[in-house]
2 protein chains.
Amino acid sequence: MNQRKVSNPLGLAVMAVLQVEESHPYQIASTLRTWHKENSIKINYGSLYTIITSLEKAGFIEAKDVERDGARPERTIYGLTDSGQQELVEWMQELLSVSNKEYPLFGSALSLIAMIPPDEAAELLRKRIENIENRINHTVLCLSDCEKQGLERLFTIETEYEVALLEAEKSWVEKLIPLIEESEEFTSTWRKLHTGELDRVPLPDEQGEH
Amino acid sequence: MNQRKVSNPLGLAVMAVLQVEESHPYQIASTLRTWHKENSIKINYGSLYTIITSLEKAGFIEAKDVERDGARPERTIYGLTDSGQQELVEWMQELLSVSNKEYPLFGSALSLIAMIPPDEAAELLRKRIENIENRINHTVLCLSDCEKQGLERLFTIETEYEVALLEAEKSWVEKLIPLIEESEEFTSTWRKLHTGELDRVPLPDEQGEH
DNA sequence: CATCTTATACTCGGCTCCGAATATTTGACT
DNA sequence: AGTCAAATATTCGGAGCCGAGTATAAGATG
């Protein structure tokens, strides 16, 4: 296994925060929020504490101090170790330079689109377009809010990426709809599957080549 | 909780297979492979059996028969129930019509790109472009293979979507690189963070509005 | 000053998921 | 006929993850 010891991206974010400032767990989460990272990295308290424990076990972070404040629970202040610093850089390098396969939900749904009759599918996709538009508008608004508040573009670049992907999906779906509604060739088998003229998915004969 | 009882997309795929033909677990996996769905849905034996159990517990599928073949283990043949049929359709409708937030790894990395010096980041992104190009070429090749074998476009449409997203990412990154290399404004703070002129992320004063 | 809400701070039980191991059968090649 | 690789078919232990709960402190409200 050539796998990272801690693989959840929240672990990366934790190390990034600790590189800038030693903090206790809850403070790490708050910092990530002031950096507006909740939108690109899932911050979940349940996970946070688990991940901090495993980062410590892996030697990437260590307890630097323990504060106490009245009756509140103790707060352990963590800091990045040298090995953690190295892991942070290596991991970032890998994530930036290597594009690895992921499995977006819409892709899974598309792969089984034949389960839904073509006319209904087209209708559902039209709803999706609307939905995507709303998400784009909302995201662009956030972006201009951040800019107005003086947050540098460097710190919101991931949101621009998100918008770019949403727009790409939108225009792809916008091309798919007319294909479903107008191309006889594309939907002929599909329709037959739903009228009962066909009861099996027509697959090509496996030519026994290898 | 307004959540699906079984939330792994492999569960959706299992129900889709069973709608077409009652099968035992291993056969479900093979069918998905002949449908070329490994690329859009992660098929993992470890998960498969867990998911089949929970689909059964949820009442979406049920054991129809038990085969035995010599010394081989018994094979339980599952089929879709009415409730499962309904779940399959509803789930598909939701996935097709609602675009929901996901957290792609590259987005997470981008959100922390300031951790890497700008020149190095640009270099890493150039590697990524190459990487994406390879993935596109490979995917397009698969696609034309499928076509040559006579597989209808309907059954490979998710792959076209994948390519569209890859191309969108590529052209977005292609625009980001010159921004990093040529825009003084974009990289000024970024450089300072790495020369030590700045040791904290410059955030806007929170104007106490609400 | 009593109460209600919000922010701070963390814990825990349990479910989901999966890699790796296991074991048998079939097919291919010598 | 013997051996090796590939396909068939499933199990299981444990890592990872997270929702919901807990508890205190601080600030707001009437």
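None of the values given here were measured: they were computed from a predicted structure. Naming convention: chains lettered A, B, ... in sequence-line order (proteins, then strands); numbering from 1 in each chain.
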Margin query: Before we go on, tell me: are the rings of Tyr161(A) and Trp172(B) under 6.0 Å apart, centre to centre?
Written below: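 Here the rings of Trp172(B) and Tyr161(A) have centres that are less than 6.0 Å from each other.
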Over how many whole Å does the gap from [X] atom [atom1] to [N] atom [atom2] extend?
| X | N | atom1 | atom2 | answer |
| --- | --- | --- | --- | --- |
| Gln3(B) | dC18(D) | CD | P | 12 Å |
| Leu48(B) | dT11(D) | CG | C1' | 13 Å |
| Gln27(A) | dA7(C) | CD | C1' | 14 Å |
| Lys5(B) | dC15(C) | NZ | C1' | 16 Å |
| Ile43(A) | dA9(C) | CD1 | C1' | 15 Å |
| Lys57(A) | dG16(D) | NZ | C1' | 11 Å |
| Arg75(B) | dT25(C) | CZ | C1' | 11 Å |
| Tyr26(B) | dA23(C) | OH | P | 18 Å |

Side chain of [X], heavy atoms from C-beta onward: which of [options] has the nearest atom to it?
| X | options | answer |
| --- | --- | --- |
| Ser47(A) | dA9(D), dC18(D), dC17(C) | dC18(D) |
| Thr50(B) | dT8(C), dC18(C), dC17(D) | dC18(C) |
| His24(B) | dA9(D), dA9(C), dC18(C) | dA9(D) |

Compare side-chain N and O positions of [X] against OP1 and OP2 of [N] and report whether any pair is under 4.0 Å apart.
| X | N | answer |
| --- | --- | --- |
| Tyr49(B) | dT10(D) | yes |
| Asn44(A) | dG19(D) | yes |
| Tyr45(A) | dC10(C) | no |
| Asn8(A) | dC17(D) | yes |

Item checked: Exam field: side chain Lys175(A) to backbone Lys170(A), donor-acceptor pair closer than 3.5 Å ->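 Not at all, since once roles are kept as given, no pair shorter than 3.5 Å links the two residues.
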Next item on the list: Might you point out which heavy atoms bring Ser99(A) and Asn131(B) nearest each other, and give the distance in Å?
Entry: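 So the minimum-distance heavy-atom pair works out to N-OD1, 2.9 Å.
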Next item on the list: Give a yes or no on whether Glu147(B) atom CD has more than 12 heavy-atom contacts from other residues, nucleotides or ligands under 6.0 Å away.
Entry: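 No, not enclosed.
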Check: So, are Lys64(A) and Glu62(A) salt-bridged, with charged N and O less than 4.0 Å apart?
Finding: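 A salt bridge is present here (some side-chain N lies under 4.0 Å from a carboxylate O).
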